[in-house]
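Okay, so here's the structure we're looking at.
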2 protein chains.
Amino acid sequence: MESQQIKQAGLKVTAPRVKILKILENCGKRHLSAEDVYKELLSQQEEIGLATVYRVLTQFESAGLVCRRHFEGGQSVFELNHGDHHDHLVCIKCGKIVEFVDSTIENRQARIASEHNFRIEDHSLVVYGICSECQKKA
Amino acid sequence: MESQQIKQAGLKVTAPRVKILKILENCGKRHLSAEDVYKELLSQQEEIGLATVYRVLTQFESAGLVCRRHFEGGQSVFELNHGDHHDHLVCIKCGKIVEFVDSTIENRQARIASEHNFRIEDHSLVVYGICSECQKKA
DNA sequence: GAGCAAGATGCGAAAGATATTCAGTTTTCC
DNA sequence: GGAAAACTGAATATCTTTCGCATCTTGCTC
């Protein structure tokens, strides 16, 4: 149940939060912008302001429920945090996003960071390209 | 001479362009936001508008003279393009940026992209962490 | 070097994303 | 059931980036 996750995050269980979490879980797409979530709410006849969407997503982020990503293009996208880290392959034509994990890359990153005496907190690897369908179309 | 580079890029040689390019070359830091460049111009008593800074940087980007990066935090940073691709290690405390290149990572990326039938156009790898100095301070 | 067209510039205003304020409402906890 | 604390929507503010447009420059020609 969504309300459990929200409660465990130390947040009060309110209608907007539950609905937003539901959307993140059920809307099919893994990556949604604040705007996407807002539009989805509107299409469900929900009376939830954009400001609340941002607030809730930010709170979810602090609580570790979702991750925020800044891809190129100004807008942030949010995705549910399933605990596993992964990187992204983004199609610059159609916006399709593929997730991947590669331990070789993760290891090299750790190595490089330690060579520079950095303690890694996070990282973001995004590969931009053109997916097979868009290659055909072009 | 800066004016050569600008001319070769197919752009008219104008005072703002030369000055901005000089700043990128000489200001010491490799990564500047549009705001940074603008402030630097102001401190040099130059009458150059912020809009022009953005326009010029965007043109330089199209011309391949500089690269624009979107790190976390809303603002874009620009850096001179020396032809070589590289990735970034960013200190989330002090903002220090270290550049690195790792062919193992590059290769894995290419492999992953081809496994998904993507044609790579670009990529961005940013590792966020805490640098040695900031670790001491904390 | 004057003349001209194409292209640049500066400024203010606008756009887009996100954050904040505020007053009223809802949840939680006892 | 009620008070305190936390939450909400709307409007507003902010920040970065872009646009519109009148004016000025540059690069080329003669």
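Every chain is numbered from 1 and lettered A, B, ... according to where its sequence line falls, protein lines coming before strand lines.
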Residue mapping more 5' on DNA chain D - nearest nucleotide basis, Ser33(B) or Leu50(A)
Leu50(A)
Nearest of dT18(D), dT9(C), dT28(C) to any side-chain atom of Val13(A)?
dT28(C)
Taking the side chain of Glu35(A) as its heavy atoms from C-beta onward, which of dT17(D), dA17(C), dC7(D) lies nearest to it?
dA17(C)
Can you measure Glu46(A) atom CD to dA10(D) atom P for me and round it to whole angstrom units?
13 Å
In terms of ring plane angle, is the pair His88(B) and His31(B) parallel, tilted or perpendicular, where the classes change at 30° and 60°?
perpendicular
Given DNA chain D, 5'-ward residue of the pair Thr58(B) and Leu11(A), judged by closest heavy atom
Leu11(A)
For Ile20(B) against Val53(B), the heavy-atom pair lying closest together
CD1-CA, 4.0 Å
Most 5' of Arg55(B) and Lys12(B) on DNA chain C, judged by nearest nucleotide
Lys12(B)
Tell me the interatomic distance from His70(B), atom NE2, to dT18(C), atom P, rounded to whole angstroms.
12 Å
Which one, dA17(C), dA8(C), dG10(C), comes nearest to the side chain of Tyr54(A)?
dA17(C)
How close or far is atom P of dT18(C) from atom OH of Tyr38(A), stated in whole angstroms?
14 Å
Should the heavy atoms of other residues, nucleotides or ligands under 6.0 Å from CZ of Arg111(A) be counted, would the total exceed 12?
no
Go through dG10(C), dA17(C), dT8(D) for me and flag the one nearest to the Gln75(A) side chain.
dA17(C)
Could you work out which one of dT8(D), dT9(C), dA19(C) sits closest to the side chain of Arg68(A)?
dA19(C)
Could you tell me the separation between the CZ atom of Arg17(B) and the P atom of dG27(D), rounded to a whole number of Å?
9 Å
When rounded to whole Å, the CG to P distance for the pair Leu57(B) and dT18(D) reads 10 Å
Within the 4.0 Å heavy-atom criterion, would you say Ser76(B) contacts the bases, only the backbone, or no part of the nucleic acid?
sugar-phosphate
For a quick test of reading the model, state the closest non-hydrogen atom pair linking Gln135(B) to Asn117(A) and the distance between them.
NE2-O, 3.1 Å
Classify the nucleic acid contact of Thr14(B) as base, sugar-phosphate or nothing, counting any heavy atom under 4.0 Å across all strands shown.
sugar-phosphate
Hey, are Thr52(B) and Arg55(B) close enough side-chain-wise for a donor-acceptor pair under 3.5 Å?
yes
Distance check needed: dG27(D) C1' versus Ile6(B) CD1, whole Å only.
15 Å
Can you tell me the distance, in whole Å, between the CD atom of Gln59(A) and the C1' atom of dT27(C)?
14 Å
Nearest-Å distance, CD (Glu47(B)) to P (dG12(C))?
12 Å
